[in-house]
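Everything below concerns the one structure shown next.
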Amino acid sequence: MVWLNGEAKPLEGKTLKEALEELGVELSRVAVLLNEEAYPGRELPHRVLREGDVVEVVTLMQGG
Amino acid sequence: MDTWKVGDTELKSRLILGSGKFKDFEVMREAIRAAGAEVVTVAIRRVEAGMPGHVGLLEALEGVRLLPNTAGAKTAEEALRIARLGRALTGERWVKLEVIPDPTYLLPDPVETLRAAERLLEEGFVVLPYMGPDLVLAKRLAGMGTATVMPLAAPIGSGWGVKTRALLELFAREKASLPPVVVDAGLGLPSQAAEVMEMGLDGVLVNTAIAEAEDPVAMAEAFRLAVEAGRKAYLAGPMRPREGASPSSPPQGIPLGGPKA
């Protein structure tokens, strides 16, 4: 399982980009943390997800 | 022209706006315009289906400099993670550093803030740290090279006003050894923004007092005018209070009908 925003998902074997596109994430509006390394959504590394990977997908929100 | 600098960037407006709590993007955008704000804070959060706030936010904030915050971080490590994501998301090196372990009063953790600031500066961030009104901490942060120090006036979102005035006065006295001092958090009224600007502090960061006003756009304008008024009053050199009264009209020549004194 891959941890995606705190939930276990069966995403092993897919690339990070494939996994996020399948989930309907608009890559231009997000940033992604893969095991503590941060990437702009448009500049994701070509990386096949593995068991135990931790992925955070974030976007801008209103906040003070 | 009275400008100030955050990092290498020259700013005209001394009012930084928080983008939280506005009822919709249109009101937020109008409030930013009315405030004349050049810098607006944003938060970084997980993408979740049905969560309002992200689609269209970037467009609504076009033309202003984004200041991603680390809100939600309770430790230095969490702040670093959020800051790096904020930079990846916006391409912006500026970060409003906030490390807040206490959910009741939302007071910042000085030790974790210092640790996080050190790491962020090493990584090339321009750091604007939210902090208690602690001059010693401010000087430590300044010594590291933070772009501002941002002491609180009162707890975040409280609207209590300038409860830390005596300690903020020390920041004003020590201005020469500090980067720009931005009073962040706790202001409820424009007069309170004017008050800290009259003290000679460099700017204010306001969110709730504007976003939760019945008319946020009008309140944003009121804050803009107050910040400008306070700044102008500081530059004008206020009079010194004296022991007693001093008549404003000449004490001689009062036409009372009696003999000339």
Side-chain angles (χ1 to χ4, degrees), chain A, chain B residues 16-25 27-28 40-49 51-61 66-72 77 80-92 96 98 106 123 130 156-157 184-185 205-211:
Chain A
M1 289 291 178
V2 170
W3 288 94
L4 178 74
N5 283 358
E7 288 180 29
K9 304 256 186 196
L11 298 170
E12 305 92 319
K14 297 178 198 283
T15 67
L16 187 54
K17 187 163 181 253
E18 283 167 0
L20 297 184
E21 280 175 349
E22 276 178 31
L23 292 166
V25 173
E26 203 177 324
L27 293 178
S28 64
R29 290 182 181 275
V30 300
V32 177
L33 195 75
L34 172 61
N35 301 333
E36 298 303 319
E37 205 62 47
Y39 303 95
R42 275 191 271 228
E43 297 170 26
L44 296 179
H46 187 78
R47 162 75 150 71
V48 175
L49 293 170
R50 295 191 287 260
E51 172 71 27
D53 276 342
V54 177
V55 180
E56 295 277 347
V57 186
V58 302
T59 191
L60 282 190
M61 301 288 290
Q62 288 171 273
Chain B
I16 299 176
L17 210 63
S19 67
K21 301 179 180 172
F22 286 95
K23 74 177 167 71
D24 57 48
F25 290 161
V27 171
M28 180 187 72
V40 177
T41 67
V42 287
I44 309 299
R45 288 292 179 269
R46 283 174 170 167
V47 170
E48 281 177 38
M51 203 160 168
H54 70 283
V55 175
L57 179 57
L58 262 183
E59 290 78 359
L61 293 173
L66 299 181
L67 176 55
N69 68 28
T70 63
E77 283 68 32
L80 289 169
R81 184 181 300 143
I82 297 171
R84 290 171 188 145
L85 281 166
R87 178 159 68 176
L89 194 53
T90 61
E92 179 55 70
K96 180 191 170 194
E98 34 186 314
L106 299 177
E123 293 182 22
Y130 170 59
I156 293 174
D184 178 9
L205 196 159
V206 181
N207 191 159
T208 307
I210 292 173

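Lettering of chains follows the sequences in order, A, B, ..., and the numbering in each one begins at 1.
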* If we only count heavy atoms from C-beta on, is the B/Val42 to A/Met61 side-chain gap below 4.5 Å? -> no

- Query: Is any side-chain heavy atom of A/Leu49 less than 4.5 Å from a side-chain heavy atom of A/Leu34?
  - Reply: yes

Between [X] and chain A, with a heavy-atom cut-off of 4.5 Å, which part of the residue counts as in contact: side chain, backbone, both or neither?
X: B/Ile16; answer: neither
X: B/Phe22; answer: both
X: B/Thr90; answer: side chain

Next item on the list: Flag the pair A/Lys14 and A/Glu12 as a salt bridge only when some basic side-chain nitrogen lies within less than 4.0 angstrom of an acidic carboxylate oxygen.
Entry: no

Original post:
Between B/Arg46 and A/Glu56, is the closest basic N to carboxylate O distance under 4.0 Å?
Top reply: yes

Requested in this report: Verify the distance criterion only: is there a donor paired with an acceptor across the side chains of B/Lys96 and B/Thr70 at less than 3.5 Å?
Outcome: no

Checked A/Asn5, A/Val57, A/Leu33, A/Val32 vs chain B; the most non-hydrogen pairs under 4.5 Å come from A/Asn5

Max heavy-atom pairs within cutoff under 4.5 Å with chain B, candidates A/Gly41, A/Gly24, A/Gly6, goes to A/Gly6

Please lay out, stage by stage, how A/Thr15 and A/His46 fare under the test side chain to side chain contact (heavy atoms under 4.5 Å, CB included). CA-CA 7 Å; A/Thr15 67; A/His46 187 78; 3.7 Å; yes

Among B/Gly18, B/Gly91, B/Ser19, the residue with the most heavy-atom pairs under 4.5 Å to chain A is B/Ser19

Greatest number of non-hydrogen atom pairs under 4.5 angstrom with chain A, of B/Ile156, B/Leu85, B/Val40, falls to B/Leu85

